[in-house]
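Keep in mind that what you see is a predicted model, and the values were worked out from it rather than measured. Residue numbers begin at 1 in each chain, while the letters A, B, ... track the order of the sequences.
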There are 6 protein chains.
Amino acid sequence: MKLMVINPNTTSSMTQQMAESCKRLIGPDVQLSVVNPTEGVASIQGRADGIAAAYYTLRLIEKADKEGVDGFVIACFDDTGLQAAREVASGPVLGIGESAMYAASVLGCRFSILTSTQRSVHILEENAANYGFSQRCEAVHALNIPVLDLHSDSSYKLALKRSREIVKQDKSECLVMGCGGMTHWQESLSKDLGMPVIDGVTVGLGLIESLVRMGLKTSKACTYGYPIK
Amino acid sequence: MKLMVINPNTTSSMTQQMAESCKRLIGPDVQLSVVNPTEGVASIQGRADGIAAAYYTLRLIEKADKEGVDGFVIACFDDTGLQAAREVASGPVLGIGESAMYAASVLGCRFSILTSTQRSVHILEENAANYGFSQRCEAVHALNIPVLDLHSDSSYKLALKRSREIVKQDKSECLVMGCGGMTHWQESLSKDLGMPVIDGVTVGLGLIESLVRMGLKTSKACTYGYPIK
Amino acid sequence: MKLMVINPNTTSSMTQQMAESCKRLIGPDVQLSVVNPTEGVASIQGRADGIAAAYYTLRLIEKADKEGVDGFVIACFDDTGLQAAREVASGPVLGIGESAMYAASVLGCRFSILTSTQRSVHILEENAANYGFSQRCEAVHALNIPVLDLHSDSSYKLALKRSREIVKQDKSECLVMGCGGMTHWQESLSKDLGMPVIDGVTVGLGLIESLVRMGLKTSKACTYGYPIK
Amino acid sequence: MKLMVINPNTTSSMTQQMAESCKRLIGPDVQLSVVNPTEGVASIQGRADGIAAAYYTLRLIEKADKEGVDGFVIACFDDTGLQAAREVASGPVLGIGESAMYAASVLGCRFSILTSTQRSVHILEENAANYGFSQRCEAVHALNIPVLDLHSDSSYKLALKRSREIVKQDKSECLVMGCGGMTHWQESLSKDLGMPVIDGVTVGLGLIESLVRMGLKTSKACTYGYPIK
Amino acid sequence: MKLMVINPNTTSSMTQQMAESCKRLIGPDVQLSVVNPTEGVASIQGRADGIAAAYYTLRLIEKADKEGVDGFVIACFDDTGLQAAREVASGPVLGIGESAMYAASVLGCRFSILTSTQRSVHILEENAANYGFSQRCEAVHALNIPVLDLHSDSSYKLALKRSREIVKQDKSECLVMGCGGMTHWQESLSKDLGMPVIDGVTVGLGLIESLVRMGLKTSKACTYGYPIK
Amino acid sequence: MKLMVINPNTTSSMTQQMAESCKRLIGPDVQLSVVNPTEGVASIQGRADGIAAAYYTLRLIEKADKEGVDGFVIACFDDTGLQAAREVASGPVLGIGESAMYAASVLGCRFSILTSTQRSVHILEENAANYGFSQRCEAVHALNIPVLDLHSDSSYKLALKRSREIVKQDKSECLVMGCGGMTHWQESLSKDLGMPVIDGVTVGLGLIESLVRMGLKTSKACTYGYPIK
């Protein structure tokens with residue numbers, strides 16, 4: 001089985017970090033590539049960035065689909081270009097935002113999302129509504145740390161402090177890390193908070209592997225049919 | 001990893017059929033039991049049946065949780081007792097209705113459900129609304145064949161005919177089989193319809209395996225805490 | 001006219017208290033029994049408790065229906081087993097949660113609910129959504145006093161203090177007491193707060209009496225048809 | 001106890017018919033007046049009519065409130081001026097549309113409304129949404145007979161025919177008669193259809209009697225406070 | 001092109017103030033009248049006031065429609081009698097509440113409303129829901145200054161202070177002034193807050209002018225057909 | 001005042017047709033450009049096409065914003081890249097889908113949309129939900145004629161026939177033409193159907209002109225702030 005995780009921005013250090021998180025999860029029969037487009041934007045902060053990132057990500061998926069990749073994960077929490085990607089791919093495509101919200105919704109009765117910057121809050125709220133998770137998603141909060149600064153120790157400390165406040169205020173039962181650049185915090189944050197903390201990158205990979213294993217593919221019936229050339 | 005699929009009714013032939021569908025899916029490190037309670041109801045037709053079935057199913061889960069089962073699938077499309085089961089279990093618990101609707105929602109932009117009898121329609125509509133899938137679930141239809149008669153060839157023919165009508169009328173892009181007793185139809189129905197057909201039993205098993213593999217557990221923070229004795 | 005109020009837990013002191021509240025309300029032609037099952041759980045804290053309580057409550061209703069009881073009130077604010085009970089009974093069946101929310105929705109434009117423990121909050125939110133009262137129900141709050149400790153004077157003082165905070169914060173115009181064990185507070189809490197305070201037990205009884213008096217019965221058309229043996 | 005049912009249009013024959021339906025329901029301690037304003041419109045067909053009717057209905061309620069009437073029913077299915085009436089009255093005020101939808105929602109899992117003319121359909125849909133009954137109200141249909149022609153035998157035959165079609169098509173489990181001028185059909189329509197048929201006039205009267213008996217009044221906390229002169 | 005802005009209350013000083021705001025906006029070919037009914041209420045505080053105001057406003061519109069007025073703006077933020085007015089007029093009719101919410105929804109991703117008194121809050125929330133702006137409208141707040149006292153300097157200072165708090169707390173991106181009597185604050189409040197501040201009176205006038213210029217009229221197909229005499 | 005209407009696909013004949021419709025509408029002080037990107041897709045059929053079109057459309061807007069264009073209309077009914085465009089522009093930006101749905105929602109109580117192909121239906125349903133028009137938009141229908149074939153006479157005849165069926169079936173009170181390539185049908189379709197028919201291109205232009213005239217701009221407070229380079 002060939003799977004692909006795509007970081008839609010061009011920052012390869014972030015892609016590498018995702019690859020670290022992913023590699024301990026996959027089954028022995030899975031060939032996994034974790035990649036990013038070489039053109040587009042260094043980080044996705046808002047919807048204009050999202051369109052540039054999606055434009056180049058679709059090219060990657062189109063090519064990989066022809067090379068026989070069986071399933072895809074779009075590893076930006078905004079789920080940049082997710083529905084468009086389903087038109088381009090034959091196999092299933094998941095976004096890490098959608099995957100994390102789904103997992104959170106089955107593990108606790110309500111969850112909160114902690115994302116990097118305020119600018120993404122409305123995008124995630126709109127996504128939650130479109131996926132049907134509005135009633136489960138108590139609130140989306142911003143850490144107010146830019147995506148590319150999330151790797152530092154001091155960022156983790158701030159994130160933990162903020163998470164504790166959020167969980168108390170929202171009475172949330174799961175915390176969703178709302179950015180692909182937070183994947184390395186999952187284990188410690190979960191331990192420190194004492195409740196499930198969801199990382200979309202690994203959850204998305206786990207879910208796509210299981211969908212592919214069951215032989216499920218994207219429906220080509222109409223909306224997600226291949227683009228008409 | 002120990003997983004358990006529970007058919008909440010007492011009809012062991014149906015349990016066996018589910019075991020058949022499940023066994024070709026699991027990884028080499030998975031110990032799977034497919035079981036049913038020995039007390040309760042022979043089939044679940046309505047909410048009163050559902051409460052009796054849930055009562056005995058919870059006992060099974062309680063016991064299995066102590067014996068170290070890591071994750072559970074409740075294999076009735078009504079998701080009988082699902083949230084209560086999350087209180088009783090440490091590991092994650094999925095219902096086949098919820099799992100199938102999730103899978104359908106990521107493979108196509110809208111789906112229809114074909115269940116066995118009209119009596120279940122309102123239950124499934126209410127579940128779809130509670131899970132957040134109302135916008136994706138175009139309609140729930142009844143085949144009007146009792147659960148325990150679904151194994152016959154003539155039932156399949158009727159189901160295929162009805163599915164074709166439904167897909168046309170609803171413009172649905174995935175069909176969800178809305179009963180645990182339809183699991184053996186998945187492959188042929190999918191081929192005959194030419195679109196993804198979702199069987200909750202196998203999808204639920206695939207998803208629970210992936211959640212357990214990621215180390216995710218039910219949040220014990222509040223709502224799904226263990227029952228207070 | 002024969003009416004039955006059922007406390008679904010096994011604590012008969014609570015049942016007695018409900019009987020006290022009920023007896024001053026009924027018309028001269030009403031034969032009222034206020035009862036509880038003898039098996040099940042001492043108090044309902046969460047959904048697993050709810051299923052055990054519902055299981056035994058349904059047996060009581062089934063028997064009473066055969067003995068000619070004309071209408072039923074399920075006197076747990078979670079409305080444990082309410083829809084299932086409608087399958088079993090010929091006459092109308094009301095839950096006290098549903099009844100209280102309805103009354104609150106016609107007396108003021110928005111209400112708050114004060115329940116006993118945090119664990120019930122999600123259940124009540126989900127019920128409010130399913131009954132259609134989400135827009136009217138500003139919030140559900142927990143007093144954080146276990147059901148069986150609600151009878152004490154100090155509990156009342158805490159409840160009054162908390163109610164005042166809630167009304168101010170939520171700008172609510174009615175307060176709904178979200179637990180069958182609070183029925184004895186209705187009069188004083190209403191006077192102390194200076195606004196309508198709704199007790200589901202007495203409201204449920206009043207509403208069921210009026211539905212029965214009009215000759216209305218549960219529809220047996222499909223979903224609430226009698227269970228199929 | 002003093003109760004008042006107000007037909008908000010000026011057609012006294014319709015008021016008389018309502019009085020007929022009401023008189024067999026009330027308790028021995030109830031003084032009931034069934035009245036209509038003498039100015040306004042002969043029938044309410046649309047929202048402009050509704051405002052004229054409400055304007056004069058509010059004057060009636062204001063006067064009756066001073067004379068000690070304890071509870072009010074607004075007997076037009078549009079619930080003309082309902083929320084405004086709650087500002088003017090001390091006691092509770094119910095509309096027949098709201099009351100009928102509530103009753104239908106507890107007797108079956110979904111209902112349909114049959115109103116007189118197409119023009120009222122959007123008003124009733126908007127009311128159903130505002131009351132929270134959108135999920136329960138499958139559809140609103142028009143008989144296409146003007147309100148003042150509903151008394152004839154041929155109208156009943158048309159109504160029965162249309163009701164049978166509606167129930168089949170909508171899979172509804174209760175039928176709500178969506179006009180105050182249909183009150184005399186309740187018994188025969190219910191028998192002929194074999195399912196609960198709800199008449200808002202009698203249901204509204206029954207419910208208001210029970211709310212008044214419990215000592216409940218309109219909240220004067222804010223929104224429904226008395227008008228500021 | 002003849003346009004009419006109607007202040008539905010009888011306070012002509014407020015009407016004059018609106019006329020001031022309007023006059024700098026209209027095209028050279030627009031004949032604008034800004035009027036109020038001479039009977040009704042001095043200010044609209046609640047729904048009973050609203051019905052009296054609407055009653056007399058409809059008479060004004062009826063007359064103006066015959067005299068060839070091409071489009072109408074109802075200049076009370078409650079949009080008093082808006083849908084009824086559409087029955088009476090041939091041309092398009094807009095409310096200032098509806099117009100302001102629309103404009104806010106296209107200029108920022110979420111907005112807050114600041115209205116005069118708490119009593120209007122529920123009306124505006126209900127309107128926002130009916131227009132479909134619930135997800136965009138973060139909250140409705142009351143300044144707690146009666147409509148007729150809004151002209152003073154101290155009122156402006158209070159409004160500015162409250163607006164700053166609201167914008168911070170709600171993370172709103174536009175502020176909507178929720179009362180026709182605030183129209184003179186638009187320019188300074190917008191400058192002082194540093195974000196779009198929406199005044200329904202001028203926005204409503206701009207929008208109605210553009211609808212009339214395009215030749216669009218109210219649909220007389222059914223719901224908004226002329227009243228039947 | 002400088003306004004720009006952008007056809008986001010590369011088909012300049014379609015752009016020209018839009019320019020025709022627009023030119024009779026604008027005020028004497030308006031400088032209007034109607035343009036299309038030269039790279040991207042010839043027509044937008046689905047979301048992958050939409051991302052390519054949006055990518056090049058954003059470049060156009062970015063450039064025009066620097067050159068002092070005061071307001072923008074994105075003239076594809078999918079509102080391709082609309083929210084992203086609001087980040088890039090200082091002035092207001094409207095989509096033709098959003099504009100047409102708004103206009104329809106104030107002219108009648110419910111509308112239907114007729115779009116070109118089935119593939120766009122889900123996109124428009126999702127947009128209607130996100131804009132808040134789900135309750136007003138009865139249904140989205142496809143004419144099943146590709147965008148680039150809409151100019152022929154036979155297409156108009158089909159569209160008229162289909163529109164008549166839709167209006168009858170949906171009981172819609174306005175018809176919305178759900179494609180920028182239908183703009184030339186507005187006048188005749190409106191006359192032939194006898195009800196308002198909404199063309200998003202001209203409505204969008206009228207609305208943007210009025211917003212700009214009032215001095216309103218896109219909020220740069222957070223979500224629609226300029227992209228961070």
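- Nearest heavy-atom pair, B/Thr202 versus B/Leu25, reported as atom, atom and distance to 0.1 Å: CB-CD1, 3.5 Å.
- Contacts of A/Arg213 with chain B are made by both backbone and side-chain atoms, with heavy-atom separations under 4.5 Å.
- Only the backbone of A/Ala129 comes within contact range of chain B, with at least one heavy atom under 4.5 Å from a heavy atom of that chain.
- Heavy-atom distances place the side chain of A/Arg136, and not its backbone, under 4.5 Å from chain B.
- For the residue pair A/Ser105 / B/Tyr131, no side-chain donor-acceptor distance below 3.5 Å is found, with atom types taken as modelled.
- No other option in A/Ala104, A/Gly27, A/Cys109 has as many heavy-atom pairs under 4.5 Å with chain B as A/Cys109.
- Ranked by heavy-atom pairs under 4.5 Å with chain A, the first of B/Ala103, B/Ser219, B/Ala221 is B/Ser219.
- Interface residue B/Ile198: only side-chain heavy atoms are found under 4.5 Å from chain A.
- A/Phe77 pairs in a side-chain contact (heavy atoms from CB on, under 4.5 Å) with only one of the listed residues (A/Thr115, A/Val201, A/Val176), which is A/Val176.
- For B/Glu187 and B/Lys191, the salt-bridge test fails: no basic side-chain N is under 4.0 Å from an acidic carboxylate O.
- Only the side chain of A/Tyr102 comes within contact range of chain B, with at least one heavy atom under 4.5 Å from a heavy atom of that chain.
- Contact annotation for A/Met195: only side-chain heavy atoms (C-beta onward) come within less than 4.5 Å of a heavy atom of chain B.
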Carefully, step by step, assess A/Val93 and A/Leu82 under the rule side chain to side chain contact (heavy atoms under 4.5 Å, CB included).
-> CA-CA 7 Å; A/Val93 186; A/Leu82 175 59; 3.9 Å; yes
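- In summary, the side chains of B/Tyr156 and B/Asp192 do present a donor paired with an acceptor at a separation below 3.5 Å, with no hydrogens or angles considered.
- Only the side chain of B/Leu211 has a heavy atom closer than 4.5 Å to any heavy atom of chain A.
- The contact between A/Leu207 and chain B is made by backbone and side chain atoms together, counting heavy-atom distances below 4.5 Å.
- With 3.5 Å as the limit, one finds a donor-acceptor pair spanning the side chains of B/Glu173 and A/Thr223.
- Looking at A/Val197, only its backbone comes within 4.5 Å of chain B, counting heavy atoms on both sides.
- Taking chain B as the reference chain and counting heavy-atom pairs below 4.5 Å, the highest number among A/Lys217, A/Gln135, A/Gln83 is found for A/Lys217.
- At a threshold of 4.0 Å, the pair B/Lys161-B/Glu165 counts as salt-bridged, since one of the basic side-chain nitrogens sits closer than that to a carboxylate oxygen.
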